[in-house]
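Every value quoted in this text rests on a predicted model; they were computed, and no experiment measured them.
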Amino acid sequence: MAIIKQQDFIDSIADALQYISYYHPLDFVQALEKAYHKEESQAAKDAIAQILINSRMSATGKRPICQDTGIVTCFVKVGMAVQWDSTDMTVQQMVDEGTRRAYMNPDNPLRASIVADPAGSRKNTKDNTPSVVHIDLVEGNEVEVMIAAKGGGSENKTKMAMLNPSDSIADWVVETLPKMGAGWCPPGMIGIGVGGTAEKAGVLAKESLMDPVDIQELIERGPENAEDELRLEIYERVNKLGIGAQGLGGLTTVVDVKINSAPTHAASKPVVMIPNCAATRHVHFHLDGSGPADLTPPKLEDWPEITWEVGDSVRRVNVNELKKADVAEWKTGETILLSGKILTGRDAAHKRIQEMMANGEDLPVDFTDKFIYYVGPVDAIGDEAVGPAGPTTATRMDKFTDLMLSQTGLIGSIGKAERGPATCESIKNNKSVYLMAVGGAAYLVSKAIKHAKVVAFEDLGMEAIYEFDVEDMPVTVAVDSTGESAHVTGPAIWQAKIEELDEKMAAE
């Protein structure tokens, strides 16, 4: 029998969540490095470079890889021979206490994103609790913990289907994944749960994402069973879609495919697919009664020495002097370095603006000839102007975009991933632009922000409207003033190029 101290468990949870906020799993870093060297699409290669540079910066500075520091998901396997030194807290309460301490750590505060009353007031709980905890009683005298911080952008792209027993899982994945858009910040991993019941398949998929990146080893040794064969088929077919890093078109969309399965009803084939983004964050540890988990930091020399240089064609602009006629010259795919003052705002702020305009109220800020950046930053520490401040998924603001462009004088927006067809048409009609910052490079982006202040809706916390003073903030023109979208043209071009490469290799 092992006696596990409650405090050791809580401390281990807190330490693990701090750890994964700034350390990528090294197997994921190594997989991204391979993708970087293999990539032939310049836009995708630049995006991967920024993700890798951001990863090293976060590891060095011990600041979050991504501003969305996630919802905590924790798998706890408690040995039947384990005894706790105290019984005044449940496992759920202990995980929540560790989460609370991690997210409110003054040396590296993490963004609290959890809201209670999700169908109603959606009020932030302020400490990122409660966590999602899965508890199993297993053989043995240890406690095994697998813990992850899952960003909303990737979690929101989860897909589920009740397939017929004879249906192809690979066909369903290849048909479904392009419809997910780029809001899950590829390149990343996809976890697939097969079997059981609907809710069991979801848990299987989520737990599969805790496994190490090992697809290249599988390719080298060859498949040993049906699941191995399915992993390889999906990996190959998904990467041939040409979606690429950040959805801009390229050779690598996924760096691994994980599958967990369970027996199911003879009439059923439940399948759930959950993507992990470029800010993949998880760690695995055991407690045996000898103390808290020992999480050994990786060595900085394990990160690749990759630099990202803007090309000669980069356009440097002072946003304080921009007019619509100026942005009309920008073309899809161009790299822009922004300097000057931009405003921020995301879901809650846009909803409030919409309500104020409907009621005939004056807005608290002037959006005329301004850019709005879809972001909810991490709190600053020390001499930082702002904490990690990467973009959030722009499609969530699509329903507000025509109002903002047509009635506020807004000149453009900045976010991550694609815009919907109606929004691209609105951008075209209003002679606006949509710029894309790299998701998964939040700490790197924050270094371009030299000053930040809240200018409206302070009660919304991280969803308040800020004014950022930026210097050489790197973005890509994702939708230009003609409505052309890089997330439409890029993958189409690269899917065709991949087909050409395959045909050439087959002919040789």
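A salt bridge does not link R231 with E227: none of the charged nitrogens is closer than 4.0 Å to a carboxylate oxygen. Comment: K453 does not engage D469 in a salt bridge, judged by the lack of any side-chain N to carboxylate O separation of less than 4.0 angstrom. The pair D379-R111 fails the salt-bridge criterion, with no side-chain N (NZ, NE, NH1 or NH2) lying under 4.0 Å from an Asp/Glu carboxylate O. Electrostatic pairing of D472 and K450 does not count as a salt bridge here, judged by no charged N lying under 4.0 Å from a carboxylate O. Under a 4.0 Å N-O distance rule, the pair K258/D211 does not qualify as a salt bridge. Ion pair K159/E175 not flagged as a salt bridge, since none of the NZ, NE, NH1 or NH2 atoms sits closer than 4.0 Å to an Asp/Glu carboxylate oxygen. Of the charged side-chain nitrogens involved, at least one lies within less than 4.0 Å of a carboxylate oxygen, so that D369 and K323 count as a salt-bridged pair.
In terms of heavy atoms, I449 sits closest to A385 at O-CB, 3.4 Å. What you find for N430 and S406 is that their closest heavy atoms are OD1-CA, 3.5 Å. The minimum heavy-atom distance between I465 and A349, with the atom names listed, is CG1-CB, 4.0 Å. Closest of all the heavy-atom pairs between Y36 and T307 is OH-O, 4.1 Å.
Atom OG1 in T401 sits 6.5 Å away from atom CD1 in I427 (nearest 0.5 Å).
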Item to check | Audit row: K206, E155, salt bridge (Lys or Arg N to Asp or Glu O under 4.0 Å) steps and yes/no | outcome: CA-CA 10 Å; K206 182 62 66 68; E155 188 70 3; 3.1 Å; yes

Checklist entry - Stepwise, does the salt bridge (Lys or Arg N to Asp or Glu O under 4.0 Å) test hold for D167 with K269? => result CA-CA 8 Å; D167 289 343; K269 189 188 279 187; over 6 Å; no

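For the residue pair Q42 and D46, a side-chain donor N or O sits within less than 3.5 Å of a side-chain acceptor on the partner. S166 and N164 are not linked by any side-chain donor-acceptor pair at a separation below 3.5 angstrom, with hydrogens and angles left out of the test. Side-chain atoms of T60 and R56 include no donor-acceptor pair closer than 3.5 Å. A donor-acceptor contact under 3.5 angstrom links the side chains of K150 and S154, judged on distance only.
At least one cation-pi condition fails for K351 and F400: the charged atom is not both under 6.0 angstrom from the six-membered ring centre and inside a 45 degree cone around its axis.
Within the 4.5 Å cutoff, no side-chain heavy atoms of V375 are placed close to those of R346.
The salt bridge (charged side-chain N to carboxylate O under 4.0 Å, His left out) pairs that include a residue from residues 479-506 are K240-D502, where partners are two or more places apart or lie in different chains.
Ring geometry for Y19 versus Y23: interplanar angle over 60°, hence perpendicular rather than tilted (30 to 60°).
When Y374, F457, F367 are each tested for a ring-ring contact (aromatic ring centres under 6.0 Å, His included) with H350, only one passes: Y374.
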